[in-house]
Asks: 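The structure's right below; bear with me while I get my questions together.
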Number of protein chains: 2
Amino acid sequence: MTNIRKVAELAGVSVATVSRTLKTPAIVSPGTRDRVLAAVEQAGYRPNLMAVQFRSQRTRNLVVLVPTIANTFFARVIGGIQEAAQRRGYGILLCNTLGDERTEQAYAGLVSTRQADGLIQLRAYDPFTASDGKARPPMVNACEVLDKSPCPTVKLDNRAAARVVTEHLLTLGHRRIGMIKGPLNSPLTRDRLLGFQDALATAGLMSDESLWCPGDFTPPSGHRAAGDLLSRADPPTAIFCENDEMAMGAMRRIKEAGLRVPEDISVAGFDDIAFASFCDPSLTTIAQPAENFGREAVSLLLDIIDGRDDAADEHRIMPFELVVRESTGPAV
Amino acid sequence: MTNIRKVAELAGVSVATVSRTLKTPAIVSPGTRDRVLAAVEQAGYRPNLMAVQFRSQRTRNLVVLVPTIANTFFARVIGGIQEAAQRRGYGILLCNTLGDERTEQAYAGLVSTRQADGLIQLRAYDPFTASDGKARPPMVNACEVLDKSPCPTVKLDNRAAARVVTEHLLTLGHRRIGMIKGPLNSPLTRDRLLGFQDALATAGLMSDESLWCPGDFTPPSGHRAAGDLLSRADPPTAIFCENDEMAMGAMRRIKEAGLRVPEDISVAGFDDIAFASFCDPSLTTIAQPAENFGREAVSLLLDIIDGRDDAADEHRIMPFELVVRESTGPAV
DNA sequence: CAGCTTAATGTAACCGGTTACATTTCATGA
DNA sequence: TCATGAAATGTAACCGGTTACATTAAGCTG
């Protein structure tokens, strides 16, 4: 393996001179510089960055924990993370955790053991355990955020957004509105449910828990939940789904039952994934700046890593927007 | 920072004993072992893996170059890569290249500079340049594969699969079949086009190049291309799209034109993404074992890294399956 | 209990860069 | 010519583990 000593020998100089030629050429005399560069070229030398990292105690890698990469929304967030990190000279160690805490802890260990400089968690769970040492490693929690987060966060005001969607449905005259929820233990699900109830309460309606169906953010779960709602004696005239994937599954199920969207039942989603405007009917949903979630998270994390500690307790709220398309219409 | 020397001091033993206690406890006497473990606990010690890697010259990281993470098919492939890598103790450095060769070369440099042990490229491009040294770093090319690859490959027989889809359309009586292509310079696009032509030729039909529209694998491009096809004097009775994302865009456009799928026009896709069975109508497409592409690629790459050189020139062909759903029907 | 084997532990070199500090070279001015 | 200082270059410690080899302690046999 060609290392710096080989190059030094080849150029007839010391290792220090080779290192200086590559890092601070200005302080090396032109003649020596040329000889060294020729030797580098001849030997095909590439510095071993593992050694550099080891010396500098910085890997310039960030760990990213994603509940599931198959979700189109997260894919966009990751895109934003990746772009921002790359621009600042950092690489991304991606982990598709599938919500498994053991896996998350294992990857968090990469930070504790210095294989990465910091961590971005996209799920509401703190992967650092006591065994990770006393000092908390740099971390940012984004998208799905812990209520009492031990680190900076980047989130949406899910409660407000859900209220806006629900108000939209109420304005259209819907009174019986079904709800397809996300995973039960998630603060995100809870907040969207709260916003949903807020809007109903403001409109003077009782919320009917029998119209809440569990789902897991995948199309099949939306399909199943919609089937459940349709089988009721008095089915809802509109369904609010906590994400677009489930909304697409639900629309499919409604059409299989011979009903039309939105003429018979309205459907609203959440996230505005790429397919939302291309499915049939196109989906009314909440648009989130997914890529910006990623960029903000990286920016906050690097602030911590670089010791700009004024960032240590920041909690950013990202904007959202109701996008009304074809899947919602007046109540029958 | 607590390092092995601090722990050794705390336990009243040498650094070697600490190292042995953690790596090969069997050769340490029980009494010493207990004292060392107590000291490790007390100090909150986690070994600095950067030092371990540096010593062993192995990072246990793999670089993965993805053309675009927003594509549902690639998301599944990455899931497979990630799972297989994790099981074998490797982490993934993910790069969303967007097809930019400079970015790809930069990430390939991580391997040349020992920040990663190998690379998986999901696009038909060799990111290693001459400057990466004479010995080719470990690499595997999967999904979209170079014709003359300098490394092992994992691919689908795209030509055969496209032929099967086309034969399906021909069997349904279609004679004018439109084609929405992927990016022009890709071997994948070329192979699917060849398979399409093969089937037409076998059926004794001339292929009509005016029915080939360019796309870029995104829903909007499928939408645009379908609009283009519909505006022809004599539009096709079926459209074969080179991936499902474009097929969904195309179906949307067809319905916007007041036509029905499949009654007026049939649409077929490629990849069988999660939404293919939940859109309306559900999509006839080619199912690929996406996760297995990832697993195979990891397996081949680790064979190379571990010096099982019998793998150095392997080219695996993955199976496919035509999934007939609602979007294709008899020609009118 | 000497003599020998085996188990347990310690010492220090090593991986490949970086950089503080030491040393050499060279130009300049007295 | 020599002293002086700046510029160029060299030497070696260091980062934190691992491990070959050396050393010491313990156990066993006759």
Side-chain angles (χ1 to χ4, degrees), chain A residues 1-40 43-61 109-117 133 135, chain B residues 1-40 43-61 109-117 133 135:
Chain A
M1 194 45 54
T2 63
N3 57 24
I4 199 169
R5 277 159 243 272
K6 288 251 186 54
V7 175
E9 198 180 341
L10 208 58
V13 297
S14 73
V15 292
T17 301
V18 176
S19 180
R20 283 190 279 255
T21 303
L22 295 173
K23 294 206 61 180
T24 50
I27 64 166
V28 179
S29 75
T32 312
R33 201 187 306 158
D34 293 346
R35 253 183 315 140
V36 171
L37 292 177
V40 166
Y45 172 66
R46 303 278 320 249
N48 181 333
L49 286 194
M50 220 152 59
V52 177
Q53 292 176 352
F54 173 51
R55 186 88 231 290
S56 64
Q57 298 293 341
R58 276 282 202 103
T59 62
R60 300 191 81 81
N61 284 335
L110 294 179
V111 182
S112 309
T113 58
R114 306 318 138 61
Q115 287 187 276
D117 300 341
Chain B
M1 195 44 56
T2 63
N3 58 23
I4 199 170
R5 277 160 245 272
K6 288 249 187 55
V7 175
E9 200 180 337
L10 208 57
V13 298
S14 73
V15 293
T17 302
V18 176
S19 180
R20 282 190 279 253
T21 304
L22 296 172
K23 294 206 61 181
T24 49
I27 64 166
V28 179
S29 75
T32 313
R33 200 188 306 158
D34 292 346
R35 253 182 316 138
V36 170
L37 291 177
V40 165
Y45 171 68
R46 305 278 319 249
N48 182 332
L49 286 194
M50 221 152 56
V52 177
Q53 292 175 352
F54 172 51
R55 184 90 232 291
S56 63
Q57 298 293 338
R58 277 283 202 100
T59 62
R60 302 190 79 81
N61 284 335
L110 294 179
V111 182
S112 309
T113 59
R114 306 319 140 62
Q115 288 187 276
D117 301 340

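By convention in this document, chain letters (A, B, ...) are assigned in the order of the sequence lines, proteins followed by strands, and residues within each chain are numbered from 1.
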Asks: Hey, is the main chain of B:Ala11 close enough, under 3.5 Å, to the side chain of B:Arg35 for a donor-acceptor pair?
Replies: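 Yes, because the side chain of B:Arg35 sits within donor-acceptor range (under 3.5 Å) of the backbone of B:Ala11.
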
Asks: Toward the 5' end of DNA chain C, which comes first, B:Arg35 or A:Ile4, by nearest nucleotide?
Replies: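 The answer here is B:Arg35.
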
Asks: At their closest point, which heavy atom of B:Ala8 faces which heavy atom of B:Val18, and how far apart are they?
Replies: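 Looking at all heavy atoms of both residues, the shortest contact is CA-CG2, 3.6 Å.
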
Asks: Look at all strands and tell whether B:Ser29 reaches a base, only sugar-phosphate, or nothing, counting heavy atoms closer than 4.0 Å.
Replies: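 Contact class for B:Ser29: sugar-phosphate only.
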
Asks: Other residues, nucleotides and ligands only: do more than 12 of their heavy atoms fall within 6.0 Å of CD on A:Gln57?
Replies: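 Counting other residues, nucleotides and ligands, CD of A:Gln57 exceeds 12 neighbours.
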
Asks: Do B:Asp117 and B:Arg58 have side chains that get closer than 4.5 Å, going by heavy atoms?
Replies: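 Yes, side chains in contact.
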
Asks: Starting at the 5' end of DNA chain C and moving along, which residue's nearest nucleotide shows up first, B:Arg55 or B:Val13?
Replies: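 The residue whose closest nucleotide sits nearer the 5' end is B:Val13.
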
Asks: Keeping A:Arg114 on the side-chain end and B:Asn48 on the backbone end, is there a donor-acceptor pair under 3.5 Å?
Replies: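 A pair under 3.5 Å: no.
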
Asks: Hey, which of B:Asp34, B:Val36, B:Val40 is the one that makes side chain to side chain contact (heavy atoms under 4.5 Å, CB included) with B:Thr21?
Replies: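 Single pass found, and it is B:Val36.
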
Asks: For A:Thr17 and for B:Ala51, find the nucleotide of DNA chain D with the closest heavy atom, then tell me which residue's nucleotide is more 5'.
Replies: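 So the residue in question is A:Thr17.
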
Asks: Reading DNA chain C 5' to 3', which nucleotide is the first, and which the last, to come under 4.0 Å of any heavy atom in chain B?
Replies: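 Listed 5' to 3', the contact boundaries are C:dA8 to C:dG16.
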
